[in-house]
Amino acid sequence: MTWQFRALLHQLCILSAMSLMLMVHMHYRSPSFPFTPDSASYIEQARNFLNSGSLLITPYGLAPGDQDQVENRLFPVGFAVVLAAVSSFGIDAKDAAIGLAHFSAITLPWLLFFSFRHSIGPILALLLAGLAALSPGVLRHSLMGLTDVFGLWLAVAVIGLTLNSRSIYGFIFAGLLAGMAYAIRNAHLALLASVILYFGYCWLSSAAGERRVVLLHAVAAMFGMSVVVAPLLLRNILIFGSLNPYLMGPSTIGFVENLRTYIEALLKDATACSECARYVAWSLPGLLGFGVLIIAAAYAVYKYRWSKLPTFGKKAFAISTIYLAVGSCVVVAARTRYQWGEVINLRHTLQYSPFLWAGMFALLADHGTQPVLNAWKQAKLAMFVCLVFFHVNYAVSSESFRNSDNDYPKLAQAFSTGKAYLCGNQADTYLVSNWAHVFRIECGARVRQIEAIAAGPKGDEMRAFMSAGDGYVSVLDVVSDIKQQAGSRPIRVGLFPGRFGVETENLPLSAVDERRIVANGWHIIKNDQQGLILEYPKVGSEQMNSQ
C-alpha cells in the first residue's frame, strides 16, 4: 500500500466522519415540523405539477379573492419541478423537500473536498469541508425543507466542475447545473454572472495561444446554462410578460443597515462566532478595523503573494472571490430594493461563506514553491485552531437548536383544532388562516395567509418586516378585510394562537366583538383560547333558504 493510497484512505475516513456527524445532527435536532411558508409554495407547486401538470399555487395573502390558484410571482419553478421528479417515485413532496436538504448537507463535505483538493491541497480542502459542514447556516438549514442547502450544493458543484473540468462535456454539465441553480433560486443569478466573469479572468490572464481554449470552454458552459435558463425566461415572458417577474413591495430597510446586517450574518456563518460578527458589523471600531484589514490584506496579496501563486491557486482564488463579491452585492441590493418579509440572515449568506474560506485558503496554501517561515506556519495554525474551536462550540452548544421546536405545540394545536373546518377543498369556499402553510402542507387545503396583526407588544418588531400599509390593528380588522376581499364567495376563517400577532390574549373574542361579527352576517363556529373559527355563507344563500 503506497503512502498516497493511505493518505487518500485517511481523507475518505475523515469525510465519512463529517457526513456521519451531520446525520446524527439531523436525526436528533430536526424540528417536528421542518417547513415554512416558502416550503408550502414549493410543495404545493410540486403536487400540482405531478397531479395536473400545472405549477399553480394558493396566493399568499387575501388577493385575488376570486381565484384559489395562481401562477407564482415570487419563486422560480425549478425546485418545485425537482420535488415533483422525486415525488414521481412515490415519495410525497414534503418528504422529498426535507430529503433533498439532508442529502445535500451529508454530501456537501465530499463535494467541497473534491472540488478544491487540487487547488488548495488535501489538508486545507478537508478543513474547508469541515468548516462548511459545521457552519451555522448549514447546521440550521439542513434541518428545513427549503432550497438553501441544496442551492449551496449546486453552487459548489458548478464551481468545482468549472475549476477541474478538462473536457467540453464537463463545462456543458457545469452550465446545466448553473442554469438549474438559477431555476431554483433567483439569487443564483450571481452564480451565472460569476462563471462568466471567471472565464473573462481566464481569458485575460492566459497566453494568446490558450485563449481559444478558454473561449471554447466559456461557450460550452453558457450553452449548458441556456438549455435551462432560456426556457425559464421564455415561460416568464409568455405568462407574466417579463423576464424577471419576481417582485414585492419596496423595502423598509436602507442600504447601510442591510450592508451591516449582511456583514454580521456572513461573518457569523464563516467564523461561527456570533459575538465577533456582531462587534465587527455594529460597532464603529469593529467596522473600521474590518475595512482596514480588507484593504491591507488586498495590498499584501497584490504586492507579495499573487506573483508566487501557481495558476490553479490563482483560479481557485479568482472564482471564489468573484462569486463571494457578486453574490454579496445581489443580496444587499435585492434586500434594499424589495421587502422580503425578513432581514438578511444565515439563509442568505450560507451560499457564500464557504467561498470566503476557499479564496483565503488558496492564498494561504504553501503550494510547495517557496520555503515557509515557522512564524507564518504557527500563525496559520493558530487561526485554523480558533476556527475549528468556534465551529465545534457552535455545533455542540448553540441555543438555536434547543429552541427549534418551541413553536411546535402551538402549530400542532392549530392544525388539530382547524383541520375539520379547513382541510378538504370545499367547492368555491374562501379559506383563510394565520397558520395557512401548515394546512397547505399537511392536508393540501387552499388556505390563504393573513398579514400580521401588528398591535400589542410584538407589533413594532413585526412592522419592521412589513411594507408600509400592510398588517392589521385587531382581529376585527382582519375579519372585515377578509369579507371585503372574498366578494360573494362563502368564507371559512381559522385564527389560532401563536402566529402573526394572534396570541392567547386575543382570544376568545369579547361578547361585544362577537355581537359585531354576527351583526355583519358571520357564523361563529368556535371562539375560545384554542382558536376562532368563523363561517360566512355565500351571498344570497340565506335569502334563498328563508324563501
Side-chain angles (χ1 to χ4, degrees), residues 4-30 34 98-144 146 148-161 163-164 266 268-273 316 320 346-347 349-362 364-365 380-381 383-398 400-401 404:
Q4 292 98 331
F5 184 76
R6 285 198 302 270
L8 179 60
L9 189 61
H10 293 158
Q11 293 158 14
L12 298 181
C13 288
I14 293 172
L15 291 171
S16 299
M18 293 179 190
S19 295
L20 180 61
M21 174 199 64
L22 284 167
M23 292 169 69
V24 171
H25 164 73
M26 290 181 287
H27 177 75
Y28 287 104
R29 286 174 167 171
S30 289
I98 195 64
L100 276 175
H102 288 178
F103 168 81
S104 301
I106 291 168
T107 56
L108 180 64
W110 297 76
L111 196 59
L112 277 166
F113 175 76
F114 286 105
S115 294
F116 288 97
R117 179 181 60 165
H118 178 67
S119 303
I120 63 178
I123 294 177
L124 287 180
L126 282 174
L127 178 61
L128 174 63
L131 293 178
L134 292 175
S135 70
V138 169
L139 288 175
R140 288 178 62 177
H141 292 96
S142 62
L143 307 178
M144 304 301 296
L146 293 165
D148 304 290
V149 182
F150 184 48
L152 172 60
W153 190 94
L154 287 173
V156 174
V158 169
I159 288 176
L161 283 169
L163 275 176
N164 299 302
L266 179 66
K268 178 181 178 179
D269 198 36
T271 65
C273 179
S320 299
L346 295 177
R347 282 196 69 191
T349 57
L350 70 84
Q351 304 292 327
Y352 312 111
S353 56
F355 300 98
L356 172 64
W357 293 126
M360 187 174 293
F361 290 168
L364 295 177
K380 289 197 298 183
L381 181 61
M383 183 184 75
F384 297 155
V385 169
C386 288
L387 284 173
V388 172
F389 171 78
F390 283 134
H391 281 76
V392 171
N393 179 65
Y394 183 91
V396 171
S397 60
S398 175
S400 63
F401 302 124
S404 63

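These numbers come from a predicted model, not from an experiment.
Every residue two or more places apart in sequence or in another chain that forms a side-chain hydrogen bond (donor to acceptor under 3.5 Å, both in side chains) with Ser353 is listed here: Asp269. Listed by chain and number, the residues in a side-chain hydrogen bond (donor to acceptor under 3.5 Å, both in side chains) with Ser19 are Trp110 (sequence neighbours excluded). Judged as a side-chain contact (heavy atoms from CB on, under 4.5 Å), and not counting sequence neighbours, the contacts of Met360 are Trp357, Leu364, Met383. Listed by chain and residue number, Ser115, Trp153, Val156, Ala157 satisfy the side-chain contact (heavy atoms from CB on, under 4.5 Å) test with Leu111 (two or more places apart in sequence, or in another chain). Among residues two or more places apart in sequence or in another chain, the ring pair (Phe, Tyr, Trp, His ring centres under 6.0 Å) test is passed with Phe401 by His25, Tyr394. Considering only residues two or more places apart in sequence or on other chains, Phe113 meets the ring pair (Phe, Tyr, Trp, His ring centres under 6.0 Å) condition with none of them. Residues satisfying the side-chain contact (heavy atoms from CB on, under 4.5 Å) test with Met21, not counting sequence neighbours, are Ala133, Leu134. Qualifying ring pair (Phe, Tyr, Trp, His ring centres under 6.0 Å) partners for Tyr352, counting only residues two or more places apart in sequence or in other chains: Tyr323. Under the salt bridge (Lys or Arg N to Asp or Glu O under 4.0 Å) criterion, Asp148 pairs with Arg185, Arg347, not counting sequence neighbours. Among residues two or more places apart in sequence or in another chain, the side-chain contact (heavy atoms from CB on, under 4.5 Å) test is passed with His102 by Met26, Ser30, Ile98.
Checking side-chain atoms of Asn164 against main-chain N and O of Gly160 turns up a donor-acceptor pair under 3.5 Å.
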**Message:** Would Ser320 and Phe361 count as a side-chain contact (heavy atoms from CB on, under 4.5 Å) here? Give the steps.
**Reply:** CA-CA 10 Å; Ser320 299; Phe361 290 168; over 6 Å; no
- Message: Assess the residue pair Gln11 and Leu8 against the criterion (side-chain contact (heavy atoms from CB on, under 4.5 Å)); give the C-alpha distance rounded to whole Å, side-chain angles, the decisive distance to 0.1 Å, and a yes or no.
- Response: CA-CA 5 Å; Gln11 293 158 14; Leu8 179 60; 3.7 Å; yes
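Contact detail for Gln351 and Leu152: the closest heavy-atom pair is OE1-N, 3.1 Å. Summarising the geometry of Arg29 relative to Val396, their closest heavy-atom pair is NH2-O, 3.2 Å, with the distance given to 0.1 Å. When every heavy atom of Ser142 is checked against every heavy atom of Ala101, the shortest pair comes out as O-CB, 3.8 Å.
You'll find the side chain of Pro109 reaches within 4.5 Å of the side chain of Leu22, heavy atoms only.
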Could you go through residues 122-129 and list every donor-acceptor pair under 3.5 Å that involves a side-chain atom there, pairing it with any protein atom two or more places apart or in another chain?
none

